[in-house]
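Here is the structure we will look at, set down as structure tokens.
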2 protein chains.
Amino acid sequence: MTAVIPRKKKRDRILESSVPLFALRGYHGVSMRDIAAAIGLSPAALYYHFPDKEQLYIEVVAHAVRESAAMRKGIPNGLGSPWGRLEAFVAGYARLAATDRNFLRLLQWIFIDGDAERQQKLAEYVFRDLFLDVWGIVCELDSRLDPHMLVISIIGLVLFPCQTSSINRFMPGYRPQLENPEELARHVIDLLFGCLDAGKGATGSQNVAGKPLLNG
Amino acid sequence: MTAVIPRKKKRDRILESSVPLFALRGYHGVSMRDIAAAIGLSPAALYYHFPDKEQLYIEVVAHAVRESAAMRKGIPNGLGSPWGRLEAFVAGYARLAATDRNFLRLLQWIFIDGDAERQQKLAEYVFRDLFLDVWGIVCELDSRLDPHMLVISIIGLVLFPCQTSSINRFMPGYRPQLENPEELARHVIDLLFGCLDAGKGATGSQNVAGKPLLNG
DNA sequence: GTCTATATAAGGATAGAC
DNA sequence: GTCTATCCTTATATAGAC
């Protein structure tokens, strides 16, 4: 053996240290110089590992997805009733969105990407798995709501508060606890299952048979 | 009178033609040369009207907000029951989000802005009014859900599908009709009021007293 | 594999003529 | 108010030495 075996390929280390840069400032906001400086290389060295910035960016997103895939797989997806699975999904994804800010922000950059072709390619990487996870659950819920729209609604209910959290801070009614992923998950579950019913005179705080309630 | 009175100040015309540029590509993705070319000026001329690119961008967002304010004010906000007002709000905002793509995308750019100070300033311009509109309604709903979270959920239920529409196109269950603002509004209202209840054995398709149903 | 040096282009901003 | 011309910086990317 010659010296220490490199823990990771340099290529992967470049991707790793690029993730937070692109997550924060997006494709146009990060230069090859920034990336090189972050890992302590000259910009020219990057071109040994990647043909151009575009390809580097795409692989950065793919890398971030693989990294978060482990956490995603920790979210139970095949057991229990559809409602239980939905509850588990919401809780798991709320935690993921709160924990892995880079993943969350990369998603935002993909949503807003002006390059339609690149956007579609990256959406296949990232968003499709997310969508299909929820799709599988929703199809068993037998709701009268359109399943496609319901999937988007559920994902949005979890992601949107996280994506706007830096702004929500300054809006009325804000409390720091609300940024807690458990708090978010409970709210989403309450909204989806309990909705705006409880607290009204007609229905009181009764729960509908067969549906879980997290709060209380 | 000397010749024709200028319909609009040149300054405003610059802002107007800049809106779609920044909406599509964001702050870093648009150059002063792009803006100058779009309106048929030399880049240098822009600096007569605006001190720098940053200030121009900020005023572009402010201008877009003023433009969409007229449409926003068309959304009824002071009459009827809270439920009816919420229904009207959702319908109005779904239409606004579907109609004014520039406004929608500028909002996205603000959400993701890496410059915290600028983000906060622009959020005050744009997001605060939106938030307060819903806040006023939600506070009267007397829901057991946290009002701050509920406001964000309602806004997200309308905006998130629009912000991801270019990606949702490729997901299962997609139908072009779903992009229709009326369809979106109905879905959101159904979800908020009817939720996942209807269609289930226990509750059947009954509606809860006092709540409007748009569909059927 | 990484460097220095550099080609080439694009971008923000200013000076000064008109 | 707008132009031409230009400065300076930053950016992507390549060439060739080591």
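Below, read A as the first sequence line, B as the second, and so on, with proteins coming before strands; counting in each chain starts at 1.
- Here A/Ser31 pairs with A/Asp34 under the side-chain hydrogen bond (donor to acceptor under 3.5 Å, both in side chains) rule; sequence neighbours left out.
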Check residues 173-181 of chain B and write down every donor-acceptor pair under 3.5 Å in which the side-chain atom is one partner and the other belongs to a residue at least two apart or another chain.
residue, atom, partner, partner atom, Å
B/Tyr174, OH, B/Glu179, OE2, 2.6
B/Arg175, NH2, A/Asp146, OD1, 2.6
B/Asn180, OD1, B/Glu182, N, 3.2

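- Judged purely by atom type and a 3.5 angstrom limit, B/Gln119 uses its side chain to pair as donor or acceptor with the backbone of B/Phe111.
- Partners of B/Arg128 according to the side-chain hydrogen bond (donor to acceptor under 3.5 Å, both in side chains) rule, which considers only residues two or more places apart in sequence or in another chain, do not exist here.
- No salt bridge links B/Glu16 with B/Arg13; every basic N to acidic carboxylate O contact stays at or beyond 4.0 Å.
- For A/Glu67, the salt bridge (charged side-chain N to carboxylate O under 4.0 Å, His left out) test picks out no residue, with sequence neighbours left out.
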Any N/O pairs under 3.5 Å between the protein and nucleotides 11-15 of chain D? List them or say none.
residue, atom, partner, partner atom, Å
D/dA11, N7, A/Arg33, NH1, 2.9
D/dA11, N7, A/Arg33, NH2, 3.4
D/dT12, OP1, A/Lys53, NZ, 2.8
D/dT12, OP2, A/Met32, N, 2.7
D/dA13, OP2, A/Tyr47, OH, 3.1
D/dA13, OP2, A/Lys53, N, 3.0

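- Of the possible polar contacts, none joining the B/Arg85 side chain to the B/Gly80 backbone as a donor-acceptor pair under 3.5 Å is found.
- Where DNA chain C meets chain A (any atom under 4.0 Å from a heavy atom), the bounding nucleotides read 5' to 3' are C/dG1 to C/dT4.
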